[in-house]
Every structure is written in structure tokens, then in C-alpha cells.
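Please read through the structure below; I'll follow up with questions.
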Protein chains: 2
Amino acid sequence: MTEEPKTRMTKQRAAIVEVLARGGFRSAQDWHDLLRHGGSTIGLATVYRALQSLADASEVDSVLTDNGETLYRRCDSGSSHHHHLRCRVCGAAEDIDIPTFEAWASGVAAKHGYAHIEHTVELTGVCNGCAQRSF
Amino acid sequence: MTEEPKTRMTKQRAAIVEVLARGGFRSAQDWHDLLRHGGSTIGLATVYRALQSLADASEVDSVLTDNGETLYRRCDSGSSHHHHLRCRVCGAAEDIDIPTFEAWASGVAAKHGYAHIEHTVELTGVCNGCAQRSF
DNA sequence: TTATCTGCAAACATTTTGCAGCGAG
DNA sequence: CTCGCTGCAAAATGTTTGCAGATAA
């Protein structure tokens, strides 16, 4: 039988969930720094493992930056598939809807004879606040 | 003064351009394997450096996979900004047009007060041929 | 000639894994 | 008591860099 191990709520995992609650996209290492900074002695590997399992459980979103780092962010649980508009300067992110995009993607795929489509859409920019600060 | 070094057409660079000509997205290491397989004794670092400089010169496209690898492909020179529909199985890729996407992206960005927008759109699937082969 | 390119190996950065002990259930 | 979780350090991966010698222009 295929039996999934059940997740235990440890102090470390709780700490991770807590810092994640403050929102924003950060790399695993950044979250780790944040935790240590807050007094935790949690290990980096543990953070990676926890973020991985949380991502599997769809409790965090993960996106890939241009330089190959993975960023994680607490996911609005219950909310289904969506995308983000992220500020390159301050890391803030808005959840955005793609009303026509999903349909469009399937359409293009079908037209080319492709099946099992997956898509990555990442929008980045400079938010209002950061724009005023920089220019 | 800022003086850009000018590119020399060496045997290795020519070999790289040649294998790139067969099309498809491949990782730097895959291109390297392909070259060695074809009798070249080119070094991996050279392949990385060449792909980098070709990418700077917009002669190759590069995309980032989910597992952090960078894939490179000869770019249809002259053709402007576009996106791809790539087969996860055989690596084939179609250039696709996004008529409404660019406009939509700017719209969403404006609505949220974001400027200097950049976007990444990557579609992957299983192409007709591979689908028949697998199922 | 001479500045760029090359191959090699070592350096890097990020993420994953092995292992012995800890601790939630 | 069990079995998953933890921290540490070591391994793995993908990419970049330093250097001495080769080579295009």
C-alpha cells in the first residue's frame, strides 16, 4: 500500500509557518535568516524541507527568479491557481487573476497538438512606492 | 572609456553555432555533450561562456526550467520578443505569438500601479508525437 | 604582436541527503 | 515506544572564475 507519512507539528514547523505569515516572497535562505534573527536555532536544511512539504501541500507558492533562486510565500489557502505581480525592489506581491489566460493557453496548446499543458507566468515590475523612492 | 571586447570566431564558437542550428531547447551541458559526441574536445566552460555571450547578443533564447536548469536555443534572429510552447518529452519547441498578452500585462500592471514591467511566460506540454508514443 | 579565447580545475551558490539523536503522538 | 523531524556536515548540481597557454586578427 502507498502510505503517506503524516506531518508532525513541531516547534520549528510552527516557527516557519509563523514567519511565513508576514507575507512576501523570500528565498529559503532569507526565511532561515529571518528565523535565526528572531531567536530560533533552526537549521537551514529543515527550512528547505519544511518549505518543500508546505509547497507540496499547496500551503506556499514558489516562484523561480531570473538567477535560479526559488522564492517562497504563504499561499492564500483555499484560493486556487493564480499568478503574481511582484515588485523587484521591495518584494511585495499582488495576487492577480488571469481570466482569459488559462483558456488562451489551452487553445494555443490544442492548436499545436500539445497535451498536458503546464504554464509559468511571472510578472515583475516596480511598485508605486518604490518607483517614487527611486526616481 | 567603456570598450567592449570584440568577439573572435574560433573553431569552438563555430562548432557551438553549428550544433545550435539543429534547433530545440537544451541545457548548456546537453549542448556540450552533443559537441563532444560529435568529435569536438571543447570544454564545458567554453560552452557556458559562448552561450552567455550569444544570449547577450540575442542570438540565443534562454529559459529557466522548474528544476533550475537554463535551457538555450538558437533564436530566430530578427524576430522580436516572443514566447515558446515546449515539449517536455522531446524538447521540441514552437514559437508562439501572444497577441493580447502583452497588452493585458501592461493593463494589469497599470491597475496595480506597477511600472517597468517584465514578464516570463513559459508553456510546456507533451507534443502529438510524444503523446502517441507514451500512451 | 597582442588581446581574446580555450581547457582545466578549483571556486561558488543553492539545494539535497545521510545519519544519529530528539521528541510528538 | 515509534517513527517522523531535527541539526549538522557532507554531497550533489549547475554555473562561474582564475590562470597559463593557444590563437584569431
Side-chain angles (χ1 to χ4, degrees), chain A residues 1-20 25-57 59-73 91 122, chain B residues 1-20 25-57 59-73 91 122:
Chain A
M1 268 308 198
T2 308
E3 189 65 48
E4 291 300 305
K6 76 168 172 239
T7 306
R8 287 181 183 170
M9 182 48 62
T10 62
K11 200 177 353 182
Q12 291 82 341
R13 200 182 179 86
I16 289 170
V17 170
E18 190 183 309
V19 284
L20 279 171
F25 278 100
R26 279 188 172 63
S27 69
Q29 316 216 45
D30 282 349
W31 287 120
H32 177 243
D33 285 351
L34 219 49
L35 284 159
R36 304 287 286 222
H37 212 262
S40 175
T41 61
I42 194 171
L44 177 57
T46 302
V47 175
Y48 273 107
R49 281 186 279 227
L51 287 173
Q52 235 168 241
S53 86
L54 287 170
D56 285 348
E59 295 194 38
V60 302
D61 287 334
S62 60
V63 307
L64 219 48
T65 62
D66 302 1
N67 65 90
E69 268 187 330
T70 309
L71 304 183
Y72 299 89
R73 180 205 191 192
E122 203 55 41
Chain B
M1 267 307 197
T2 307
E3 189 66 45
E4 292 298 307
K6 77 170 170 241
T7 306
R8 287 182 186 173
M9 182 48 62
T10 62
K11 198 176 358 182
Q12 292 83 340
R13 200 181 178 89
I16 289 171
V17 170
E18 189 184 308
V19 286
L20 279 171
F25 277 100
R26 280 189 171 61
S27 68
Q29 316 216 42
D30 282 350
W31 287 120
H32 177 243
D33 285 349
L34 219 48
L35 284 159
R36 303 287 285 221
H37 214 261
S40 175
T41 61
I42 195 172
L44 178 57
T46 303
V47 175
Y48 273 107
R49 281 186 279 225
L51 287 173
Q52 237 169 238
S53 87
L54 287 170
D56 285 348
E59 297 194 38
V60 302
D61 287 333
S62 62
V63 307
L64 219 48
T65 61
D66 302 2
N67 65 92
E69 269 185 330
T70 309
L71 305 183
Y72 299 89
R73 180 207 192 189
E122 204 53 42

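No hydrogens, no waters, no symmetry mates; every other heavy atom, side chains included, goes into these values. We name chains A, B, ... by the order of the sequence lines, and we start the count at 1 in each one.
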- Distance in Å, Leu35(B) CG paired with Glu18(B) CD, rounded so as to fall on 0.5 Å steps: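 Answer rounded to 0.5 Å: 9.0 Å.
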- Query: Base, sugar-phosphate, or nothing for Arg13(B), non-hydrogen atoms under 4.0 angstrom?
  - Reply: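 Sugar-phosphate, no base atom in range.
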- Message: Checking contacts here: which listed nucleotide (dT6(D), dT15(C), dT23(D)) is nearest the side-chain heavy atoms of Arg8(B)?
- Response: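 The closest nucleotide is dT23(D).
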- Message: Is there a side-chain contact between Thr10(A) and the phosphate of dT6(D), meaning an N or O under 4.0 Å from OP1 or OP2?
- Response: yes
- Message: In the structure I gave you, are the side-chain heavy atoms of Leu51(A) and Thr70(A) within less than 4.5 Å of one another anywhere?
- Response: no
- Query: Checking side-chain contact (heavy atoms from CB on, under 4.5 Å) against Trp31(B), which of Leu71(B), Val19(B), Ile42(B), Ile16(B) comes through?
  - Reply: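 Only one option passes, and that is Val19(B).
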- Kindly indicate whether the side chain of Arg13(B), heavy atoms from C-beta on, has any atom under 4.5 Å from the side chain of Thr7(B). yes
- Task: Could you tell me the separation between the NZ atom of Lys11(B) and the P atom of dT23(D), rounded to a whole number of Å?
- Result: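 It works out to 7 Å between those atoms.
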- Query: Is any side-chain nitrogen or oxygen of Gln29(A) closer than 4.0 Å to OP1 or OP2 of dA13(C)?
  - Reply: no
- Does a side-chain N or O from Gln12(A) land closer than 4.0 Å to OP1 or OP2 of dG23(C), or not?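 For dG23(C), OP1/OP2 do not have a side-chain N/O of Gln12(A) under 4.0 Å.
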- OP1, OP2 of dG7(D) versus side-chain N and O of Thr46(A): anything below 4.0 Å? yes
- Query: Between Thr70(B) and dT15(D), does any side-chain N or O lie under 4.0 Å from OP1 or OP2?
  - Reply: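 So the side chain of Thr70(B) is within the cut-off, an N or O lying under 4.0 Å from OP1 or OP2 of dT15(D).
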- Query: Would a 4.5 Å heavy-atom cut-off, applied to side chains only, mark Phe25(B) and Asp61(B) as touching?
  - Reply: yes
- Query: Hey, does the side-chain of Arg49(A) have a donor or acceptor N/O within less than 3.5 Å of a partner on the base of dG4(D)?
  - Reply: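 No such pair is found, so the answer is no.
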- Task: Round to the nearest Å and state the distance from Glu69(A) atom CD to dT15(C) atom P.
- Result: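 Those two atoms, CD and P, are 6 Å apart.
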- Near DNA chain D, under 4.0 Å by heavy atom, which residues of residues 32-45 of chain B?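 Per residue number, the list reads Leu44(B), Ala45(B).
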- Most 5' of Met9(B) and Val47(A) on DNA chain D, judged by nearest nucleotide: Val47(A)
- Query: How many angstroms lie between OH in Tyr72(B) and CD in Gln52(B), if you round to the nearest 0.5 Å?
  - Reply: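 So the OH of Tyr72(B) and the CD of Gln52(B) are separated by 6.5 Å.
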- Message: Could you tell me how far apart Trp31(B) (CH2) and dT15(D) (C1') are, to the nearest whole angstrom?
- Response: 18 Å
- Any Gln52(A) side-chain nitrogen or oxygen under 4.0 Å from OP1 or OP2 of dT15(C):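 Indeed not, no polar side-chain atom of Gln52(A) lies that close.
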- Query: In Å and rounded to the nearest 0.5 Å, what is the CG to OG distance from Asp56(B) to Ser62(B)?
  - Reply: 9.5 Å
- Message: Between P on dT6(C) and CG on Leu51(B), what's the gap in Å once rounded to a whole number?
- Response: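 Distance check: Leu51(B) CG to dT6(C) P gives 12 Å.
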- Message: By the 4.0 Å heavy-atom rule, please label Ser27(A) as base, sugar-phosphate, or nothing.
- Response: nothing
- Taking CZ from Arg26(B) and C1' from dT15(D), how many angstroms apart are they, rounded to a whole number?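 After rounding, the reported distance stands at 20 Å.
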- Query: Does Tyr48(B) have a side-chain nitrogen or oxygen under 4.0 Å from the phosphate oxygens OP1 or OP2 of dT16(D)?
  - Reply: no
